[in-house]
Chemist: 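Following this message is one structure expressed as structure tokens.
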Amino acid sequence: MSEKVYNPRDIEEKWYNFWLEKNYFRAEPKSGKPSYCIVIPPPNVTGSLHIGHALDVTLQDIMTRWKRMSGFNTLWLPGTDHAGIATQNVVEKELKKEGLSRHALGREAFVKKVWEWKEQYGGRIIHQLKRLGASCDWSRERFTLDEGLSRAVKEVFVRLYNEGLIYRGDYIINWCPRCHTALSDLEVEHEEKKGKLYYIRYGFANGNGHVVVATTRPETLLGDTAVAVNPDDERYKNIVGKILKLPILGREIPVISDEFVDASFGTGAVKVTPAHDPNDFEIARRHDLPFVKIMTGEGTMSKEAGPYEGQDRFKCRENVLRDLESAGLLVQRKEHTLSIGHCYRCKTIIEPYLSKQWFVKIRPLAKDAIKAVNDGRIKIIPPIWDSSYFDWMKNIKDWCISRQIWWGHRIPVWYCREMQNATCRTQNGIIVAPDAPDVCPHCGAGASALIQDEDVLDTWFSSALWPFSTLGWPDDTDDLRTFYPTSVLITGFDILFFWVARMIMMGLKFRSEEPFRHVYIHALIRDAEGQKMSKSKGNVVDPLEMTETYGTDAFRFTLAAFAAQGRDIKFSINRVDGYRNFINKIWNASRFILMNVREGDVITPVEDLRNLSLADKWILSRLSNVASGVNKALEEYRFNDAASDLYQFTWHEFCDWYLEMIKPAFYGDDDDVRRTAVSTVIHVFETSLALLHPFIPFVTEELWQNLPVRNRPDSLCIRRYPSDTDGIRDNSVEKEMELVMDAIVGIRNIRGELNLPPSLEIRAIIKAQEETAAVLRENISYISKLAKADSIEIGYDIGNPEDAAISVRQAMEIFVPLKGLFDVEVEIRRLSREIVKFEESLSAVNKKLRNREFMEKAPREIVEENKAKYQEFADKIHALQGNIEKIKKWGDQNGQENR
RNA sequence: GGGCGGAUAGCUCAGUUGGGAGAGCGCGGCCCUUACAAGGCUGAGGUCACAGGUUCAAGCCCUGUUCCGCCUACCA
């Protein structure tokens with residue numbers, strides 16, 4: 001006999017290997033079956049699995065397993081992302097430990113080193129996905145730097161360039177002085193901080209008077225090339241065109257007027273630093289001002305900063321302030337909140353920085369992407385995210401795609417140093433081609449004159465192609481034809497813009513078809529206090545630790561149960577605890593069933609069974625209902641509803657009621673009855689395991705394999721997914737069963753309330769209308785067994801004893817005679833409380849019925865319903881009061897006091 | 001500055017076209033009943049944030065307020 005407690009450890013590994021050996025996760029490139037495809041959001045190759053991945057992967061696996069079982073040709077395509085900056089940072093850190101740097105190593109050797117690192121550690125996250133039970137087609141695993149995907153990247157770059165959608169130019173970009181690279185706008189995280197607004201006096205060159213400007217970044221005055229005021233600002237009208245002397249450096253700069261300036265902010269005069277601020281950059285272009293770069297790529301001050309050269313940018317700020325102060329030019333410091341950009345990889349404060357970069361002209365691409373969602377060709381679920389998506393798409397700005405790092409897709413651009421003719425010169429010597437050219441296509445200069453661009457592409461540029469590059473594009477492959485567009489993309493909202501939006505743009509552009517039909521956006525997982533999980537806060541929940549402690553199935557079920565749409569998830573360990581118990585419950589249900597199957601028992605298909613008991617028919621009906629509910633919930637991505645339906649059904653209906661109800665059949669003498677129960681319970685349990693399998697694959701496979709069922713596939717993961725036809729839905733059976741259950745609960749109620757131990761045999765008298773009474777009489781053995789009542793009387797015209805506790809139910813009144821076994825006073829108090837409750841309900845209903853408008857305007861069935869309720873409550877109150885009178889009388893006669 | 005979401009039992013949260021408020025955990029009571037004490041049975045506990053409005057009827061629809069959270073932005 002198996003253990004009393006489920007032990008996941010060996011079982012999980014055993015079945016995962018079994019599934020892999022049998023190739024169940026392998027998709028067919030061509031198939032008569034309908035296709036179902038999910039591409040995984042590729043985790044960073046440097047990363048290790050965090051709880052967000054675990055949720056993501058669990059939901060994808062549920063969908064994939066469900067569709068696979070439902071007869072689809074299913075592909076869940078896994079892979080990893082090369083994560084340019086993050087990975088390079090990791091390897092650089094390693095080098096530092098050895099006292100090396102990437103520059104010391106040189107580009108080629110460094111990149112080789114990263115590949116080595118990737119080969120050695122990059123598999124970790126993939127391994128972790130397997131631990132979670134992910135049913136990915138591992139034969140199709142991809143990496144964004146694979147040869148094929150790199151070809152896709154080059155192809156896309158070249159085509160976009162040729163269409164004029166990629167350009168190169170000098171602009172202000174977000175620069176991370178620590179990672180030493182440009183970043184896109186999205187890669188900057190803004191944080192509100194309390195800072196200061198400094199008011200600084202700029203004197204006129206002629207020595208007469210001054211202008212005060214306000215700034216949050218005083219050190220940038222070293223790069224000022226003008227002061228701007230609003231053209232309509234009366235205060236400053238007469239100084240436009242005059243020359244100021246820059247504090248400290250003494251350079252002369254003009255006062256200009258520009259619409260951009262907000263007269264109501266600060267002093268209404270703004271210093272203009274074209275090389276270090278995006279707005280100032282625009283102003284400078286309008287007014288043809290010079291650009292002075294006062295900083296280096298390391299975030300230290302350049303030669304242009306004069307006496308501050310070589311200082312760190314923040315140190316320089318202090319020094320500039322001190323010098324202004326001592327020169328009497330610092331007029332005021334004012335509290336001011338401002339938002340500061342930080343690098344999303346290393347949290348360093350971003351520097352707006354003028355440099356030459358590559359950009360994607362994005363608006364033409366965004367236009368189609370907006371349309372695709374507008375037209376419903378792509379459905380975002382939950383639709384609450386539509387507005388964010390549209391908002392971002394409509395205000396989108398060009399995408400800076402060049403990165404000054406070494407790990408990534410090298411930009412497929414070469415520069416001709418010779419530029420031997422006019423054509424070459426008008427092209428600025430730029431050659432864009434998928435592969436290194438032998439000669440300059442413009443002027444014919446030799447290969448030695450051609451130098452490849454040093455930069456690599458934004459990692460998200462390659463991820464944007466993921467849904468088709470992984471399927472073989474730019475080649476026209478079977479996979480591409482079979483699985484593109486993919487079915488659904490499942491991911492968190494944090495990469496909606498980074499990734500989802502860009503995949504839509506690229507998919508539409510290069511495949512002329514949306515990359516996926518649905519986008520399911522799940523919530524972010526926070527800790528139990530609602531804080532974002534982060535290593536620095538130390539509040540991370542490690543998914544692998546969860547699987548170790550509770551088993552993968554329990555953990556997965558928890559995640560699914562938490563995955564309600566549209567709200568953040570506060571993760572609490574004790575929920576996992578609860579679902580671990582659930583898994584254990586299923587385990588023990590299986591033990592119970594198997595221990596009651598006898599050698600030689602033939603499992604008969606349900607449809608061939610005669611003489612099904614009420615309990616059998618009921619559980620089959622419930623099974624049918626739950627199967628239908630789960631399918632519907634999954635269809636709509638309501639994972640939590642599916643999970644809670646299954647939980648409720650399995651534990652409370654199947655285990656608590658059904659298994660208890662068939663015990664008499666199991667232990668009784670009638671073998672026909674016993675075998676009918678055995679066949680039914682196995683059918684229902686087998687079907688339940690199938691329903692549960694996408695959520696908790698390991699334990700279900702284990703238990704399923706142990707069931708004595710013939711003529712079935714080799715694995716639960718390829719069994720047909722149950723539908724409502726697996727049971728026999730019968731509403732009248734469910735109604736009858738409800739009556740029986742209500743009778744049992746009523747008697748248990750009395751037991752519980754009066755603290756009567758189970759060992760005490762009791763008698764019950766049930767008063768009900770004949771229709772109900774007939775049902776109860778027919779099923780009296782269930783009531784007797786489950787309520788532990790050795791004798792039960794059922795009827796309408798039966799006298800109820802004076803010494804009885806009462807439970808008033810929907811369709812019956814139950815009396816339990818208790819000569820002297822209860823405290824009259826306690827029972828009267830209990831009944832009085834009940835009466836109060838019913839009286840409240842009664843008066844609420846009564847209020848409606850006495851309202852003429854309600855009677856006239858409410859739908860007829862609602863009115864009837866309320867009339868019936870009124871009667872019901874009134875009857876209940878009457879019965880309860882009647883019983884109070886009776887036990888009072890009994891108490892008086894028997895010397896028990898009541899006050 | 002703009003936008004979005006949340007406020008329901010002690011805790012974490014469901015509540016799908018507006019008709020008698022639910023679950024899990026926790027808590028109280030009774031039970032080691034031969035599948036399971038990671039269990040069984042049973043119970044207590046809620047002016048659904050606040051103020052208005054629409055409606056015969058509001059947790060649900062509308063308006064405003066307060067408090068949280070998030071996204072986004074060229075306020076120097």
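Every value quoted in this text rests on a predicted model; they were computed, and no experiment measured them. Proteins get letters first, then strands, A, B, ... in listed order; numbering begins at 1 in each. Values below: all heavy atoms of this structure, side chains included; hydrogens, waters and symmetry mates excluded.
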Chemist: What is the distance from CG of Leu524(A) to P of C13(B), rounded to the nearest Å?
Modeler: 13 Å

Chemist: Closest to the Ile862(A) side chain: A38(B), A73(B), G19(B)?
Modeler: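 That would be G19(B).
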
Chemist: Give the ring-plane orientation class for Phe281(A) versus Phe291(A), where under 30° counts as parallel, over 60° as perpendicular and anything between as tilted.
Modeler: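 Correct class here is tilted.
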
Chemist: Looking only at atom types and distance, does a side-chain atom of Ser784(A) sit under 3.5 Å from a main-chain N or O of Asp790(A), one as donor and one as acceptor?
Modeler: no

Chemist: Any side-chain heavy atom of Leu659(A) sitting closer than 4.5 Å to one from Phe685(A)?
Modeler: no

Chemist: What contact category does Tyr579(A) fall into here, base, sugar-phosphate, or nothing, at under 4.0 angstrom with non-hydrogen atoms?
Modeler: nothing

Chemist: Between the side chains of Arg580(A) and Asp577(A), is the shortest nitrogen-to-carboxylate-oxygen separation below 4.0 Å, so that they form an ion pair?
Modeler: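 Salt bridge: yes.
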
Chemist: Are any protein N/O atoms closer than 3.5 Å to N/O atoms in nucleotides 21-23 of chain B? If there are, list each pair with its distance.
Modeler:
none

Chemist: Which residues in residues 829-838 of chain A have a heavy atom closer than 4.0 Å to any atom of RNA chain B?
Modeler: Lys837(A)

Chemist: So if I take every side-chain heavy atom of Lys663(A) and compare against C4(B), C70(B), A35(B), which nucleotide ends up nearest?
Modeler: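 Comparing C4(B), C70(B), A35(B) against the side chain of Lys663(A), the answer is A35(B).
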
Chemist: Between Tyr782(A) and Ala615(A), is there a donor-acceptor pair closer than 3.5 Å when you use the side chain of the first and the backbone of the second?
Modeler: yes

Chemist: Would you tell me if any nitrogen or oxygen in the side chain of Asn749(A) comes within less than 4.0 Å of OP1 or OP2 on G43(B)?
Modeler: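 The answer is yes; a side-chain N or O of Asn749(A) sits under 4.0 Å from OP1 or OP2.
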
Chemist: Within the 4.0 Å heavy-atom criterion, would you say Glu864(A) contacts the bases, only the backbone, or no part of the nucleic acid?
Modeler: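 Nothing, no nucleic acid heavy atom in range.
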
Chemist: Does G19(B) have OP1 or OP2 under 4.0 Å away from a side-chain N or O of Asn866(A)?
Modeler: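 For G19(B), OP1/OP2 do not have a side-chain N/O of Asn866(A) under 4.0 Å.
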
Chemist: Look at all strands and tell whether Thr216(A) reaches a base, only sugar-phosphate, or nothing, counting heavy atoms closer than 4.0 Å.
Modeler: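 Sugar-phosphate: the residue Thr216(A), judged by heavy atoms under 4.0 Å, touches backbone atoms but no base.
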
Chemist: Looking at Val626(A), is its backbone amide N or carbonyl O close enough to the side chain of Asp645(A) to form a donor-acceptor pair, meaning the two atoms are under 3.5 Å apart?
Modeler: no

Chemist: Between G15(B) and A76(B), how far apart are the P atoms? Round to whole Å, please.
Modeler: 41 Å

Chemist: Considering only atom P, compute the distance from U16(B) to G53(B) and round it to an integer number of Å.
Modeler: 26 Å

Chemist: Do the side-chain N or O atoms of Trp392(A) get closer than 4.0 angstrom to the phosphate oxygens (OP1, OP2) of C4(B)?
Modeler: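 Answer is no, no contact under 4.0 Å.
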
Chemist: On a whole-Å scale, what distance lies between the P atoms belonging to C41(B) and A23(B)?
Modeler: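 One P to the other, the span is 14 Å.
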
Chemist: As a test of reading the structure: which of U72(B), G40(B), C36(B) is closest to the side chain of Leu186(A), going by heavy atoms?
Modeler: U72(B)

Chemist: Taking only the C1' atom of each, what is the distance from A21(B) to C75(B) in whole angstrom?
Modeler: 47 Å

Chemist: How long is the line joining CG of Asp494(A) and P of G69(B), in whole Å?
Modeler: 19 Å

Chemist: Please check if the distance between the ring centroids of Tyr579(A) and Tyr550(A) is under 6.0 Å.
Modeler: no

Chemist: Are Ile294(A) and His276(A) close enough that some pair of their side-chain heavy atoms sits under 4.5 Å apart?
Modeler: yes

Chemist: Between U12(B) and A7(B), how many Å separate the two P atoms, rounded to a whole number?
Modeler: 12 Å

Chemist: Nearest heavy atom decides the nucleotide; on that basis, is Asp577(A) or Lys632(A) closer to the 5' end of RNA chain B?
Modeler: Lys632(A)

Chemist: Do the two ring centres, one from Trp385(A) and one from Tyr389(A), sit under 6.0 Å apart?
Modeler: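 They do not qualify: ring centres at least 6.0 Å apart.
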
Chemist: Regarding Lys394(A), tell me which of base, sugar-phosphate or nothing describes its non-hydrogen contacts under 4.0 Å with the strands shown.
Modeler: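 Lys394(A): no heavy atom of the nucleic acid under 4.0 Å.
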
Chemist: What I want to find out is whether Glu351(A) reaches Arg217(A) closely enough, with some N-O distance under 4.0 Å, to be called a salt bridge.
Modeler: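 Between Arg217(A) and Glu351(A) there is a salt bridge, with a charged N closer than 4.0 Å to a carboxylate O.
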
Chemist: Can you measure Phe654(A) atom CZ to A35(B) atom P for me and round it to whole angstrom units?
Modeler: 14 Å

Chemist: Would you classify Glu660(A) as touching base, sugar-phosphate or nothing, given that sugar-phosphate means primed atoms plus P, OP1 and OP2, and contacts are heavy atoms under 4.0 Å?
Modeler: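 Contact class for Glu660(A): base.
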
Chemist: When the C1' atoms of C27(B) and C32(B) are considered, how many whole Å apart are they?
Modeler: 22 Å

Chemist: Using whole Å, report how far CZ of Phe685(A) lies from P of A35(B).
Modeler: 15 Å

Chemist: Pairs under 3.5 angstrom, nitrogen or oxygen only, protein versus nucleotides 52-56 of chain B, please.
Modeler:
| residue | atom | partner | partner atom | Å |
| --- | --- | --- | --- | --- |
| C56(B) | OP1 | Lys857(A) | NZ | 2.5 |
| C56(B) | O2' | Asn851(A) | ND2 | 3.1 |

Chemist: Report which part of the nucleic acid Arg748(A) touches: base, sugar-phosphate, or nothing (heavy-atom distance under 4.0 Å, all strands).
Modeler: sugar-phosphate

Chemist: Gly578(A) or Lys788(A): which one's nearest nucleotide on RNA chain B is closer to the 5' end?
Modeler: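 Between the two, 5'-proximity favours Gly578(A).
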
Chemist: Using the C1' atom as the point on both nucleotides, what is the distance between G52(B) and C11(B), in whole Å?
Modeler: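 Pairwise C1' distance, C11(B) against G52(B), rounds to 32 Å.
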
Chemist: Under 4.0 Å between a Lys/Arg side-chain N and an Asp/Glu carboxylate O for Arg830(A) and Glu827(A)?
Modeler: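 So Arg830(A) pairs with Glu827(A) through a salt bridge.
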
Chemist: What is the distance, rounded to the nearest whole Å, between atom OH of Tyr637(A) and atom P of U16(B)?
Modeler: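 The distance from OH of Tyr637(A) to P of U16(B) comes to 21 Å, rounded to the nearest Å.
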
Chemist: Between Glu839(A) and Ile877(A), which heavy-atom pair has the shortest distance, and what is it?
Modeler: CG-CD1, 3.6 Å

Chemist: Under 3.5 Å for both pairing distances: what stems, at least three Watson-Crick or G-U pairs long, include RNA chain B?
Modeler: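 Paired runs of 3+ in RNA chain B: B:1-7 with B:66-72, B:10-13 with B:22-25, B:27-31 with B:39-43, B:49-53 with B:61-65.
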
Chemist: Of the listed nucleotides (A38(B), A76(B), A14(B)), which one gets closest to any side-chain atom of Asn640(A)?
Modeler: A14(B)

Chemist: Out of C30(B), A35(B), A76(B), which has the shortest distance to the side chain of Cys655(A)?
Modeler: A35(B)

Chemist: Answer yes or no: is there a donor N or O on one side and an acceptor on the other, between the side chain of Ser841(A) and the main chain of Lys837(A), under 3.5 Å?
Modeler: yes

Chemist: Please table the atom pairs, donor to acceptor, closer than 3.5 Å between any side-chain atom in residues 330-338 of chain A and protein atoms at least two apart or in another chain.
Modeler:
| residue | atom | partner | partner atom | Å |
| --- | --- | --- | --- | --- |
| Arg333(A) | NH2 | Glu325(A) | OE1 | 2.9 |

Chemist: To the nearest angstrom, how far is Trp651(A) atom CH2 from C41(B) atom C1'?
Modeler: 14 Å

Chemist: Let's see if you can work this out: which of A76(B), G5(B), A14(B) has an atom nearest to the side-chain heavy atoms of Asp641(A)?
Modeler: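 So the side chain of Asp641(A) is nearest to A14(B).
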
Chemist: Evaluate the ring planes of Phe582(A) and Phe557(A), with Trp represented by its six-membered ring, and classify them as parallel (under 30°), tilted (30 to 60°) or perpendicular (over 60°).
Modeler: tilted

Chemist: Taking the side chain as every heavy atom from C-beta outward, state whether Lys785(A) and Glu660(A) have any atom pair closer than 4.5 Å.
Modeler: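 Heavy-atom side-chain distance check fails, nothing below 4.5 Å.
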
Chemist: Can you tell me if Lys585(A) touches the phosphate of G40(B), counting only side-chain N or O atoms and a distance under 4.0 Å to OP1 or OP2?
Modeler: yes

Chemist: Please measure how far the P atom in C48(B) lies from the corresponding atom in U33(B), and state the result in whole Å.
Modeler: 43 Å

Chemist: Respond yes when some side-chain nitrogen or oxygen of His190(A) is under 4.0 Å from OP1 or OP2 of C71(B), and no when none is.
Modeler: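 No, because none of the side-chain N or O atoms of His190(A) sits under 4.0 Å from OP1 or OP2 of C71(B).
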
Chemist: Using a 4.0 Å heavy-atom cut-off, does Asp656(A) contact any base of the nucleic acid, only the sugar-phosphate backbone, or nothing at all?
Modeler: sugar-phosphate

Chemist: The side chain of Phe497(A) lies closest to which of these nucleotides: A76(B), U72(B), G19(B)?
Modeler: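 Comparing A76(B), U72(B), G19(B) against the side chain of Phe497(A), the answer is U72(B).
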
Chemist: For Phe592(A), is the NZ or CZ atom of Lys663(A) found under 6.0 angstrom from the centre of its six-membered ring and inside 45 degrees of the ring axis?
Modeler: yes

Chemist: Grab the CD1-P distance between Ile583(A) and A35(B) for me, whole Å please.
Modeler: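 In whole Å, A35(B) P lies 21 Å from Ile583(A) CD1.
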
Chemist: Please list, chain by chain and in numerical order, all residues satisfying ring-ring contact (aromatic ring centres under 6.0 Å, His included) with Tyr353(A), sequence neighbours excluded.
Modeler: Trp175(A)

